[in-house]
Visitor: 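Below are the C-alpha cells for one structure; questions will follow.
Atom set for the values below is all heavy atoms of this structure, side chains included, hydrogens, waters and symmetry mates excluded.
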Amino acid sequence: MVFWEISLYSLVQGITEFLPISSSAHLFVLESILNWSIPGRTMAIAAHLGSLFAVILYLKSDIINIIDSLFKVKINIQNQNITLLKSLIIITVPIIVIGLFVFKNLDEKLLTLNVIAWSSIIGASLLYIADNFKPQKRDIFSLSLLECLFIGILQVFALIPGASRAGVIITAARILNIKRIDATKLGLFTSLPTIIGAVLLELIWLINNALNNALNNEIYLYILITCIMSFIFAYLSIILLIKWLKNRSFTPFILYRILLGIIILYFINI
C-alpha cells in the first residue's frame with residue numbers, strides 16, 4: 001500500500017459519497033483493481049469517517065438549529081426543524097432494520113460487478129425519469145409522514161451495491177416534486193445515520209476479521225491520511241454539487257452511471 005493508492009482511495013470516496021453515482025460501487029471496483037482485502041476495509045472506515053465529518057461541517061447550521069429546537073419543542077410544536085427531524089427518523093428506520101439483515105446475510109452475495117453494473121444503469125434511468133418529468137415546487141419541510149415512509153422504503157434499495165444511496169434518496173424526493181437542491185440536502189441529512197451505521201458495521205467486521213492479524217503502525221498513519229483527505233474531497237464535492245444544481249440538472253451524473261455500468265458489463269463478459 002503506497003501513498004498514491006491512499007490518495008486515490010480518499011479521492012474516490014470523498015467525491016462519490018454524496019453524488020448520485022454510488023461510492024460503494026467505485027470503492028469495490030477500486031479495491032478489486034488494487035487487490036485490497038483487510039487494509040481496504042480498514043480504509044473504508046477511515047474514508048467514511050472523513051465523509052461524515054464533511055457533511056456535519058456543511059450542515060452545521062441546520063444541525064445546530066435542530067438541536068436548539070429540541071429544547072424549545074414545548075414552546076413551538078410546529079417548528080419546522082422538529083418536523084424535519086421527525087421526517088429523517090421515519091426515512092432512516094427502514095434501512096437500519098433491513099440493513100442489518102442484508103449485512104449479516106446478503107452482503108457478500110450482492111457485492112459483485114454484475115450487480116453493480118445493472119443497479120447503476122437501472123438507478124440512473126429511474127433518476128432521469130424522476131428528474132426530467134417532475135416539477136420543482138416543494139421543499140423538504142413539506143413532506144408528510146406517509147411520503148417520508150415512501151422515501152425510507154425506497155432507500156432500502158440503496159443497499160444493493162451500485163444503486164447509490166444518494167441517488168435513491170434524490171430520485172424518491174424528485175418523484176414527490178421536491179426541488180433538486182432540497183432533494184440533495186435530504187440526501188445529505190439522511191447520510192448521517194447511514195454513514196454512522198456503516199462505520200459501526202465495518203468496525204465490527206474489522207474486529208472479527210482483522211484484529212487477529214497485527215496491523216503495523218504504518219496502517220494507522222494511512223488511516224489518518226485517508227480520513228483527512230476524504231474529508232477534504234467530500235466537502236468540496238458537496239459545495240460544487242450544490243452550486244451546479246442551482247442552474248443545472250442531474251443529467252451528467254445519470255449519463256456517467258449508465259456509461260459506467262456498460263463498461264463494467266463489457267469487461268466482465270469479454
Visitor: Do L57 and V55 sit in one hydrophobic cluster, given that two such residues count as connected whenever their side-chain heavy atoms are within less than 4.5 Å of each other, even indirectly?
Guide: yes

Visitor: Looking at residues at least two apart in the chain, or sitting in another chain, which of them share a side chain to side chain donor-acceptor pair (under 3.5 Å) with S22?
Guide: S24

Visitor: Hey, does F189 have a side-chain heavy atom less than 4.5 Å from the side chain of I91?
Guide: no

Visitor: Considering only heavy atoms from C-beta outward, does the side chain of V12 approach that of V29 to under 4.5 Å?
Guide: no

Visitor: Would you say the side chains of E17 and S23 form a donor-acceptor pair under 3.5 Å?
Guide: yes

Visitor: For the atom pair CD1 (I238) and CG (L188), what is the distance rounded to the nearest 0.5 Å?
Guide: 5.0 Å

Visitor: Please collect all side chain to side chain donor-acceptor pair (under 3.5 Å) contacts where either partner lies in residues 231-244, sequence neighbours excluded, each pair once.
Guide: none

Visitor: Mind checking whether R174 and K179 have side chains closer than 4.5 Å, heavy atoms only?
Guide: no

Visitor: Return the minimal non-hydrogen interatomic distance between S164 and I21, and the atom names on each side.
Guide: OG-N, 3.5 Å

Visitor: Given side chains that start at C-beta, do those of S10 and I225 come closer than 4.5 Å, heavy atoms only?
Guide: no

Visitor: Under 4.5 Å side-chain heavy-atom separation, chaining through any Ile, Leu, Val, Met, Phe, Trp or Tyr, what else clusters with L149? Say none if it is isolated.
Guide: I90, L145, I153

Visitor: How would you list, by chain and number, every residue that makes a salt bridge (charged side-chain N to carboxylate O under 4.0 Å, His left out) with D182, sequence neighbours excluded?
Guide: none

Visitor: Filter on side chain to side chain donor-acceptor pair (under 3.5 Å), then keep only pairs touching residues 246-268, sequence neighbours left out; what's left?
Guide: H26-Y256, S249-T251

Visitor: Restricting to ring-ring contact (aromatic ring centres under 6.0 Å, His included), what partner residues turn up for F141, sequence neighbours left out?
Guide: none

Visitor: Over all heavy atoms of both residues, which pair between L49 and C227 is shortest? Give the atoms and the distance, please.
Guide: CB-SG, 4.0 Å

Visitor: In terms of hydrophobic clusters joined by side-chain contacts under 4.5 Å, are L255 and L241 together?
Guide: no

Visitor: For the residue pair I169 and A183, what are the closest heavy atoms and their distance?
Guide: CG2-O, 4.2 Å

Visitor: More than 12 foreign heavy atoms under 6.0 Å from CZ of F28: is that the case here?
Guide: yes

Visitor: Do I228 and I232 come within less than 4.5 Å of each other through their side chains, counting heavy atoms only?
Guide: yes

Visitor: Taking side chain to side chain donor-acceptor pair (under 3.5 Å) as the cut-off, I'd like each qualifying pair that reaches into residues 53-63, sequence neighbours left out, listed once.
Guide: none

Visitor: Test side chain to side chain contact (heavy atoms under 4.5 Å, CB included) on L265 and W118; report intermediate values, then the result.
Guide: CA-CA 8 Å; L265 288 174; W118 281 111; 3.6 Å; yes

Visitor: Only counting residues at least two apart or in another chain, list the ones meeting side chain to side chain contact (heavy atoms under 4.5 Å, CB included) with V115.
Guide: T112, I160, P161

Visitor: Compare every heavy atom of S51 with every heavy atom of G14, then report the nearest pair and how far apart it is.
Guide: CA-OG, 4.5 Å

Visitor: Sequence neighbours left out, what passes side chain to side chain donor-acceptor pair (under 3.5 Å) with T190? Give chain and number order.
Guide: R165

Visitor: Using a 4.5 Å cut-off between side-chain heavy atoms of Ile, Leu, Val, Met, Phe, Trp and Tyr, which other residues end up in the same hydrophobic cluster as I122?
Guide: L126

Visitor: Evaluate V97 against V156 for side chain to side chain contact (heavy atoms under 4.5 Å, CB included), listing each step before the verdict.
Guide: CA-CA 9 Å; V97 174; V156 171; over 6 Å; no

Visitor: Can you tell me how far CD1 of I98 sits from CG of L159, rounded to the nearest 0.5 angstrom?
Guide: 7.5 Å

Visitor: Starting from the C-alpha separation in whole Å, work towards a yes-or-no answer on side chain to side chain contact (heavy atoms under 4.5 Å, CB included) for L143 and L186.
Guide: CA-CA 11 Å; L143 289 169; L186 184 63; 4.2 Å; yes

Visitor: In Å, rounded to the nearest 0.5 Å, how long is the span from OG1 of T226 to OH of Y222?
Guide: 9.5 Å

Visitor: Is any side-chain heavy atom of L52 less than 4.5 Å from a side-chain heavy atom of V199?
Guide: no

Visitor: Within this structure, what is the OG1-CD1 distance for the pair T184 and I181, rounded to the nearest 0.5 Å?
Guide: 7.5 Å

Visitor: If you group Ile, Leu, Val, Met, Phe, Trp and Tyr by side-chain heavy-atom gaps below 4.5 Å, do I64 and I140 land in one group?
Guide: no

Visitor: Do L200 and I196 come close enough that some side-chain heavy atom pair is under 4.5 Å?
Guide: yes

Visitor: Check the hydrophobic clustering (I, L, V, M, F, W, Y; side-chain heavy atoms under 4.5 Å; chains of links allowed) and say if I129 and L176 are grouped together.
Guide: yes

Visitor: Which residues pass the side chain to side chain donor-acceptor pair (under 3.5 Å) test with S142, not counting sequence neighbours?
Guide: R138

Visitor: Nearest 0.5 angstrom please: L245 CG to Q136 CD, how far?
Guide: 8.5 Å

Visitor: Residues in side chain to side chain donor-acceptor pair (under 3.5 Å) with S120, at least two apart?
Guide: none

Visitor: Of all the heavy-atom pairs spanning F233 and S7, show the shortest one and how long it is.
Guide: CE1-O, 4.3 Å

Visitor: Minimum heavy-atom separation for F150 and A172, please, with both atom names.
Guide: CE2-O, 3.9 Å

Visitor: Are any of the side-chain heavy atoms of D139 and I178 separated by less than 4.5 Å?
Guide: no

Visitor: Could you state whether I254 and F133 fall into the same hydrophobic cluster, counting links through intermediate Ile, Leu, Val, Met, Phe, Trp or Tyr residues with side-chain heavy atoms under 4.5 angstrom apart?
Guide: yes

Visitor: Taking atom SG of C148 and atom CG of L88, what is their separation to the nearest 0.5 Å?
Guide: 8.0 Å

Visitor: Mind running side chain to side chain contact (heavy atoms under 4.5 Å, CB included) on I170 and R180 for me, showing each step along the way?
Guide: CA-CA 8 Å; I170 291 170; R180 290 190 179 107; over 6 Å; no

